[in-house]
A.B. asks: 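Below you'll find the structure I mean.
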Amino acid sequence: MNFLQVLIDNLRKGPATEPFPFGDASTPAAYRGRVAIDQDACVGCRMCEHVCAGGAIRFAEDNEALHLVIWHNTCVSCGLCAVYCPTKAITLTNNWHVSHRQEDKYKQVDHVTIPYSACTSCGVVFLKAQDPLMQLAYKTVGANETRLRDLCPDCRRVESSRGARP
Ligand code: SF4
Ligand code: SF4
């Protein structure tokens with residue numbers, strides 16, 4: 001096959017490699033890239049922190065909220081957090097654009113704030129269960145479940161002892 005024939009064949013077949021960086025590169029659906037959190041689904045159970053192989057997830061709390069911090073440059077993309085998260089609030093996206101300059105390593109951080117709520121009975125602040133957890137527990141989130149969810153654990157116990165479903 002002469003050079004001209006090879007050239008014609010290659011032009012006919014088109015590019016055989018990804019166009020990156022002049023276009024986006026495709027990634028497999030199951031690729032384990034940058035971690036993402038759905039703040040509305042997180043129930044603050046801290047399981048992700050417990051299982052995190054790289055020590056990339058840390059929690060802190062103050063009087064108003066629970067704060068979750070993810071250090072992306074420490075994440076080893078093991079996927080354990082996503083496997084053990086009860087509400088699937090944490091996922092590994094197929095975003096592989098995670099390289100960064102050394103001087104930017106402390107900027108590779110995401111913060112998630114999960115605010116506390118006031119108990120509708122006694123007013124004490126607590127971490128209220130989110131809908132995904134309620135769905136897991138009760139399969140439905142009706143008026144009774146919603147009312148109990150708005151109570152702190154102590155008031156919920158009192159309410160449950162009166163016959164309401166816990
Ligand atoms: S992201 Fe998931 S595992 Fe981590 S605290 Fe939130 S609900 Fe729990
Ligand atoms: S993928 Fe692994 S290392 Fe990264 S945050 Fe999740 S548990 Fe931690």
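Residue numbers start at 1 and run along the sequence shown. Remember, it's 1-based here, ligands and their atoms both numbered in the order they're listed. Just so you know, these numbers come straight off a predicted model, no measurement behind them.
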A.B. asks: Which ligand 2 atoms are under 4.0 Å away from a heavy-atom of Gly54?
C.D. replies: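 Close to Gly54: 3 (S).
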
A.B. asks: Show the atoms of ligand 2 that are less than 4.0 angstrom away from any heavy atom in Gly79.
C.D. replies: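 Counting atoms of ligand 2 from 1, those under 4.0 Å from Gly79 are 1 (S), 2 (Fe).
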
A.B. asks: Can you work out which protein residues put a heavy atom within less than 4.0 Å of ligand 1?
C.D. replies: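 Within 4.0 Å of ligand 1, protein side: Cys42, Val43, Gly44, Cys45, Arg46, Met47, Cys48, Phe59, Cys85, Pro86, Thr87, Ile90.
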
A.B. asks: With no hydrogens and no angle check, do the side chains of Asn73 and His100 hold a donor and an acceptor under 3.5 Å apart?
C.D. replies: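 Note: Asn73 and His100 side chains miss the donor-acceptor criterion.
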
A.B. asks: Side-chain donor-acceptor pair under 3.5 Å between Ser26 and Glu18, yes or no?
C.D. replies: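 Yes.
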
A.B. asks: Could you give me the CA-CA distance, side-chain angles and deciding distance for Gln5 and Asn10, then say whether side chain to side chain contact (heavy atoms under 4.5 Å, CB included) is met?
C.D. replies: CA-CA 9 Å; Gln5 187 61 51; Asn10 284 346; over 6 Å; no

A.B. asks: Taking atom OH of Tyr106 as the centre, report whether more than 12 heavy atoms of other residues, nucleotides or ligands fall under 6.0 Å from it.
C.D. replies: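 12 or below, so no.
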
A.B. asks: Using a strict cut-off of 4.0 Å, indicate which atoms of ligand 2 neighbour a heavy atom of Val76.
C.D. replies: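 Once the distances to Val76 are compared, the set is 3 (S), 4 (Fe).
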
A.B. asks: Nearest 0.5 angstrom please: Ile70 CD1 to Arg58 CZ, how far?
C.D. replies: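 Output value for this atom pair is 12.0 Å.
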
A.B. asks: For residues Ala36 and Thr93, report the shortest heavy-atom separation together with the two atoms involved.
C.D. replies: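 Closest pair (atom of Ala36, atom of Thr93, distance): CB-CG2, 3.6 Å.
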
A.B. asks: Side chains of Asn94 and Thr27 only: does a donor on one sit below 3.5 Å from an acceptor on the other?
C.D. replies: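 Yes, Thr27 and Asn94 have a side-chain donor paired with an acceptor closer than 3.5 Å.
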
